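Worksheet: the structure to be examined is printed underneath.
Note that the coordinates shown come from a computational prediction; the quantities given were computed from them, not determined experimentally.
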Amino acid sequence: MSFRTPHPWHPLILDDVRGAQKMLSGVARVTAMEGSRYLSSLVGAPVHLKCENLQRTGSFKLRGAYVRISGLRPEQRAAGVVAASAGNHAQGVALASALLGVRSTVFMPVGAPLPKVAATREYGAEVRLHGHVVDESLAAAEEYAAETGAVFIHPFDHPDVIAGQGTVGLEILEQCPEVRTILVGVGGGGLVAGIGLAVKSVRPDVRVIGVQAAGAAAYPPSLAAGHPVVVESPATMADGIKVGRPGDVPFAIVQEYVDDIVTVSEDALSSALLLCLERAKLVVEPAGASPVAALLSDPKAFRGPVVAVLSGGNVDPLLMQRILRHGMAAGGRYLSLRLRVTDRPGALATLLAVLTVVDANVLDVSHVRTDPRLGLTEAEVELHLETKGPGHCAEVEAALRDAGYVVLG
């Protein structure tokens with residue numbers, strides 16, 4: 001299939017997305033749509049999860065990569081393709097290339113998670129580790145393309161890629177025709193642009209809302225300025241949407257078809273990931289959990305039925321461990337306290353007895369006697385506790401104060 005030459009101000013139409021859907025038949029999975037009783041109770045309307053974390057390669061990226069590479073001319077295919085990514089796009093390009101019989105080279109940062117590097121190689125790509133951040137890998141990939149003639153496959157800034165990602169929107173309309181709001185994580189904008197175009201072209205009444213991490217939110221200032229602007233040093237645990245500048249092609253589509261962009265905190269992202277794991281039994285990466293984070297942050301802001309797109313599930317186990325700890329702390333499942341106690345035999349046992357009564361599980365205790373800020377007969381105790389939620393945290397602190405302890409923080 002070969003897409004039409006896009007108009008610079010209107011690069012795609014619905015027929016392009018429908019053509020991509022036909023091309024992807026038998027290649028990309030029609031991923032499941034799962035209801036969430038917990039989120040539905042918060043929102044006061046049905047909430048459904050579109051599980052692109054269960055897509056082949058673990059994210060939606062296969063869709064756009066396959067459509068883009070399929071559209072190459074024979075001589076371009078013969079030259080091979082090259083991409084740069086820390087994970088999801090790398091795997092999508094690798095598998096799409098293997099399915100189409102095209103040689104692929106993928107540049108990844110030196111510190112890329114080992115499971116993602118291994119998966120990209122196993123899908124058939126030649127992996128070259130270069131640079132410490134994706135921007136350095138990107139520069140190396142573009143240099144490689146210039147030297148070898150390989151076709152550079154951009155992760156989001158190309159009409160064919162956006163058309164492929166837009167097939168998620170067509171599936172949502174087929175699986176949940178009563179939908180009123182669709183929430184989509186946003187980095188460069190390829191996924192939300194494709195979904196927005198596809199959905200609004202068929203159902204203009206449906207609200208399409210993008211979600212960005214607050215520390216890497218390039219779209220709000222760009223939309224305010226009327227053109228893509230750069231956010232210097234974007235910072236977020238959600239590496240899948242950690243993009244400092246919107247793509248030119250998706251930006252134009254987002255301006256026309258996306259109703260709003262909201263931002264979420266790191267606490268909300270980690271809480272959302274934990275909720276997906278505990279309540280929905282789904283492994284979701286932080287970027288994929290961003291729509292759930294938006295629902296947790298302001299559940300009454302969205303008209304239902306709501307579909308939240310879980311865009312990916314490729315999360316490094318070590319990062320998952322840190323995020324889960326962070327999410328449990330944000331959800332009131334961990335409590336850290338410092339207390340002043342009298343430095344005498346049995347003082348620590350008395351303190352622990354108070355915690356036993358309120359059923360707080362002690363994970364760690366630090367007992368300091370030598371700090372110059374302490375009085376001659378004082379000691380400071382730092383406690384790390386496992387708790388059952390915000391209400392239990394308040395109960396623990398109240399019990400300690402009732403027992404005469406001064407809670408320092």
Side-chain angles (χ1 to χ4, degrees), residues 12 14 17-18 20-21 28 30-36 39-40 42-55 59-61 63-64 156 162-213 219-220 223 238 240-241 250-251 253-264 268 272 276 280 282 284 287-312:
L12 288 172
L14 178 61
V17 184
R18 286 177 169 156
Q21 188 175 43
V30 176
T31 51
M33 183 86 76
E34 299 287 344
S36 172
L39 289 172
S40 297
L42 286 181
V43 173
V47 174
H48 305 279
L49 307 175
K50 176 60 172 168
C51 300
E52 281 297 290
N53 59 310
L54 303 180
Q55 183 58 262
S59 88
F60 70 96
K61 289 288 190 178
R63 297 174 184 262
F156 51 81
I162 295 169
Q165 321 306 28
T167 60
V168 176
L170 296 182
E171 289 180 16
I172 290 172
L173 294 181
E174 293 165 1
Q175 294 172 307
C176 185
E178 67 277 15
V179 64
R180 291 293 179 269
T181 303
I182 300 173
L183 295 172
V184 189
V186 179
L191 180 61
V192 74
I195 290 176
L197 169 68
V199 170
K200 290 286 196 176
S201 297
V202 179
R203 288 276 308 282
D205 60 301
V206 176
R207 284 180 60 79
V208 178
I209 299 176
V211 184
Q212 292 206 287
Y219 263 91
L223 290 169
I241 54 175
F251 180 78
I253 299 172
V254 168
Q255 281 184 306
E256 184 171 355
Y257 291 105
V258 175
D259 294 285
D260 196 10
I261 303 288
V262 300
T263 62
V264 293
C276 289
L282 292 168
V284 182
S290 58
V292 176
L295 290 172
L296 293 178
S297 300
D298 193 359
K300 301 304 181 184
F302 308 105
R303 183 180 62 173
V306 177
V307 172
V309 180
L310 308 182
S311 58

One should read off an interatomic distance between L49 CG and L282 CG, to the nearest 0.5 angstrom, of 6.5 Å

Hey, does the side chain of K50 reach the backbone of T31 with a donor-acceptor pair shorter than 3.5 angstrom? yes

Heavy-atom nearest pair, A20 first then A163, reads CB-O, 3.7 Å

Nearest 0.5 angstrom please: H48 NE2 to C176 SG, how far? 4.0 Å

Quick one: NZ on K200 to CG on D259, what's the gap to the nearest 0.5 Å? 3.5 Å

Separation between CG (L191) and NZ (K61), nearest 0.5 Å, reads 8.0 Å

Non-hydrogen atoms of P250 and G188 that approach each other most closely: CG-O, 3.6 Å

What's the shortest heavy-atom distance between P177 and E174, and which atoms? CD-O, 3.8 Å

Stepwise, does the side chain to side chain contact (heavy atoms under 4.5 Å, CB included) test hold for V192 with V309? CA-CA 10 Å; V192 74; V309 180; over 6 Å; no

Please check if the side chain of R203 supplies one atom and the backbone of V179 the other of a donor-acceptor pair under 3.5 Å. yes

Would you sort out whether L197 and L14 count as a side chain to side chain contact (heavy atoms under 4.5 Å, CB included), showing the intermediate values? CA-CA 7 Å; L197 169 68; L14 178 61; 5.8 Å; no

Taking it one step at a time, do I253 and V258 satisfy side chain to side chain contact (heavy atoms under 4.5 Å, CB included)? CA-CA 8 Å; I253 299 172; V258 175; over 6 Å; no

Quick one: closest heavy-atom pair of A45 and G304, and the distance? CB-CA, 3.6 Å

Please lay out, stage by stage, how L183 and V262 fare under the test side chain to side chain contact (heavy atoms under 4.5 Å, CB included). CA-CA 10 Å; L183 295 172; V262 300; 5.5 Å; no

How long is the straight-line distance from CD1 of I209 back to CZ of R303, given to the nearest 0.5 Å? 9.5 Å

Do the side chain of S201 and the main chain of A198 share a donor and acceptor less than 3.5 angstrom apart? no

Identified side-chain hydrogen bond (donor to acceptor under 3.5 Å, both in side chains) partner of R63 from the options Q165, E52, Q21: E52

D298: salt bridge (Lys or Arg N to Asp or Glu O under 4.0 Å) partners, not counting sequence neighbours: none

Side-chain donor/acceptor of Q212 to backbone N/O of Y219, under 3.5 Å: yes

Decide yes or no for F302 and L295: does some side-chain heavy atom of the first lie under 4.5 Å from some side-chain heavy atom of the second? yes

When every non-hydrogen atom of C51 is compared with those of E34, the smallest separation belongs to SG-CG, 3.8 Å

Separation of I261 CD1 from L223 CG (nearest 0.5 Å): 6.0 Å

